[in-house]
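Note: hydrogens, waters and symmetry copies are ignored here, and every other heavy atom, side chains too, is used. Within every chain, numbering begins at 1; the chains are lettered A, B, ... in the order of the sequence lines, protein sequences first and strands thereafter.
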4 protein chains.
Amino acid sequence: MSEFSYSRTIRFHETDGAGVVYFANVLVLCHEAYEASLAFVGIDLQRFFDGQGLAYPIVHASIDFRRPLRCGQEVLIDLAPHQQQESHFEVQYHLTHDARTVGSALTRHVCIDAQRQRSPLPPEILGWIQRLRA
Amino acid sequence: MSEFSYSRTIRFHETDGAGVVYFANVLVLCHEAYEASLAFVGIDLQRFFDGQGLAYPIVHASIDFRRPLRCGQEVLIDLAPHQQQESHFEVQYHLTHDARTVGSALTRHVCIDAQRQRSPLPPEILGWIQRLRA
Amino acid sequence: MSEFSYSRTIRFHETDGAGVVYFANVLVLCHEAYEASLAFVGIDLQRFFDGQGLAYPIVHASIDFRRPLRCGQEVLIDLAPHQQQESHFEVQYHLTHDARTVGSALTRHVCIDAQRQRSPLPPEILGWIQRLRA
Amino acid sequence: MSEFSYSRTIRFHETDGAGVVYFANVLVLCHEAYEASLAFVGIDLQRFFDGQGLAYPIVHASIDFRRPLRCGQEVLIDLAPHQQQESHFEVQYHLTHDARTVGSALTRHVCIDAQRQRSPLPPEILGWIQRLRA
């Protein structure tokens with residue numbers, strides 16, 4: 001069992017006029033956890049996300065909301081990546097606050113090269129999946 | 001057939017370091033289209049979203065990405081709402097640029113009262129669904 | 001007199017937990033007006049902002065707030081650019097809602113080349129300033 | 001000497017199509033540091049920012065940029081608040097990355113009551129200023 005956890009304080013700009021975190025910002029939190037997990041295994045984020053060489057755009061995302069998040073609250077995000085096909089991987093996210101489920105989410109990524117053609121997942125991604133998957 | 005369409009120019013702050021619109025910002029575009037459709041049938045947005053009285057938080061969202069969007073491009077969002085249960089509705093979004101599909105998305109909303117208890121959809125929402133659904 | 005005006009409806013994600021537009025999002029609105037003014041004189045935004053060739057990063061910004069903006073309100077932004085030095089220009093913004101001042105802002109930009117060295121403002125920028133300045 | 005420091009990793013959604021942090025997001029980082037400093041002295045952020053009771057809207061902000069910030073970089077924000085008048089305070093921010101100045105910023109806040117009338121700074125704000133000012 002080697003899931004990765006990411007903890008974050010909710011900031012004011014993430015809330016909306018209803019006083020809770022704006023729905024799409026919860027996906028932003030999940031992507032932050034994904035970035036932190038890549039850095040955790042030694043991947044250089046600046047290079048990884050620069051749009052040169054291999055890239056891993058999101059082709060699908062979904063999210064379920066159970067409880068609202070408010071400014072100043074701590075959210076804990078557990079994350080587990082899985083390979084889907086030769087060139088795809090999926091990341092599952094589970095969000096909690098004070099040990100209560102806030103929501104869960106999923107992002108599906110495809111590996112593409114500089115010509116935007118599908119490419120098999122490279123060793124650094126396979127190593128990240130191996131190390132972090134549940 | 002009475003779907004609602006919303007058109008928007010992609011702005012620089014919506015792009016990310018890979019040079020395309022950040023994935024979660026596409027859901028923001030969809031929510032903008034939802035807001036525009038509510039205003040179109042005469043709903044006052046400030047009251048609708050103030051977190052007082054009835055509210056319609058999103059309990060589920062999903063999105064599929066087919067093509068990236070870039071700064072300065074025009075995106076057209078077609079939107080159709082449907083009632084799901086007594087207290088739920090769903091909005092489907094289809095995004096195009098230059099007549100080519102960019103992606104599609106879905107948001108599912110539950111109607112709750114000030115005590116955060118489920119409440120039947122009120123006439124203003126039923127009227128909006130009636131008027132805009134495909 | 002040839003100032004440029006940009007009109008926009010305030011969207012829900014721009015508001016914060018206090019029910020009004022989050023302060024830094026007002027600068028985002030100003031930048032949108034700047035982008036629209038560039039497109040107005042025929043500048044291709046995708047190329048202009050791609051980080052290749054000449055770029056115009058902001059070296060200073062300031063903003064004064066007089067009245068809050070709320071979801072659904074229309075904001076009108078009047079904009080006027082001025083050359084400052086050989087390689088600098090400044091854009092002044094005045095924001096109104098229902099003919100009442102909401103705030104005013106300023107962004108100062110420096111023209112740099114691909115090596116991040118200062119470069120004189122090129123004809124397309126000088127033409128934009130000529131055409132839009134008050 | 002009791003300035004407050006806040007450290008943060010730059011996230012992908014904060015960058016723009018030029019590959020660096022979008023200018024207005026640097027002010028968001030500063031506001032995060034402000035929030036963290038309030039929490040540091042025991043202020044409850046949810047109550048502080050809920051738009052009920054006393055509020056501290058920003059009436060002026062300015063920022064100078066010296067170097068760009070990139071995805072994955074650590075930014076350190078030093079912050080110092082000062083009382084300006086009976087009902088105003090100002091916060092100065094200095095941002096560094098790897099001990100090099102990235103930029104500096106200022107936010108000016110006015111204390112208002114629920115009727116949006118100016119109100120003297122209350123003890124909790126005076127205590128925060130006392131404790132954190134340089």
Side-chain angles (χ1 to χ4, degrees), chain B residues 6-53 55-58 61 67-75 77 79 91 97-98 107 109 124, chain C residues 6-53 55-58 61 67-75 77 79 91 97-98 107 109 124:
Chain B
Y6 177 72
S7 178
R8 244 272 257 115
T9 305
I10 297 300
R11 296 300 175 196
F12 188 49
H13 72 276
E14 300 174 309
T15 62
D16 59 32
V20 301
V21 173
Y22 180 75
F23 84 111
N25 286 341
V26 184
L27 280 171
V28 176
L29 293 172
C30 292
H31 199 277
E32 286 194 12
Y34 163 59
E35 294 171 46
S37 76
L38 293 167
F40 174 71
V41 301
I43 292 176
D44 179 81
L45 296 182
Q46 192 174 326
R47 177 189 55 72
F48 190 83
F49 285 112
D50 69 2
Q52 319 292 348
Y56 308 91
I58 292 171
R67 284 186 184 81
L69 284 167
R70 296 175 194 280
C71 187
Q73 291 184 335
E74 288 294 319
V75 60
I77 305 179
L79 164 166
V91 188
H97 166 65
D98 273 353
T107 54
H109 303 245
E124 77 174 356
Chain C
Y6 177 72
S7 179
R8 245 271 258 117
T9 305
I10 297 300
R11 296 301 176 194
F12 188 49
H13 72 278
E14 299 174 309
T15 62
D16 59 32
V20 302
V21 173
Y22 180 74
F23 85 111
N25 286 341
V26 184
L27 281 169
V28 176
L29 294 172
C30 292
H31 199 277
E32 287 195 10
Y34 163 59
E35 296 171 44
S37 76
L38 294 166
F40 174 71
V41 301
I43 292 176
D44 179 81
L45 296 182
Q46 193 174 326
R47 176 188 54 73
F48 190 84
F49 285 112
D50 69 1
Q52 319 291 346
Y56 307 91
I58 292 170
R67 283 187 185 82
L69 284 166
R70 296 173 193 280
C71 187
Q73 290 184 336
E74 289 293 320
V75 60
I77 305 179
L79 164 165
V91 188
H97 166 64
D98 273 355
T107 54
H109 304 244
E124 78 174 356

Query raised in the report: Under 4.5 Å between any side-chain heavy atoms of C:Arg11 and B:Glu35, yes or no?
Result: yes

Report summary line: Taking every heavy atom of C:Gly72 against every heavy atom of B:Leu45, the minimum-distance pair comes out as CA-CD1, 3.8 Å

Report task. Calculate, to the nearest 0.5 Å, the distance between atoms CD and CD belonging to C:Glu32 and B:Glu14 respectively. Result -> 6.5 Å

Query raised in the report: At what distance, to the nearest 0.5 angstrom, does CG of C:Leu27 lie from NE2 of B:His13?
Result: 12.0 Å

Requested in this report: Among B:Thr9, B:Thr15, B:Val28, single out the residue with the greatest number of heavy-atom pairs under 4.5 Å to chain C.
Outcome: B:Val28

Query raised in the report: Could you give the distance from CZ (C:Arg8) to CZ (B:Arg8), rounded to the nearest 0.5 Å?
Result: 6.5 Å

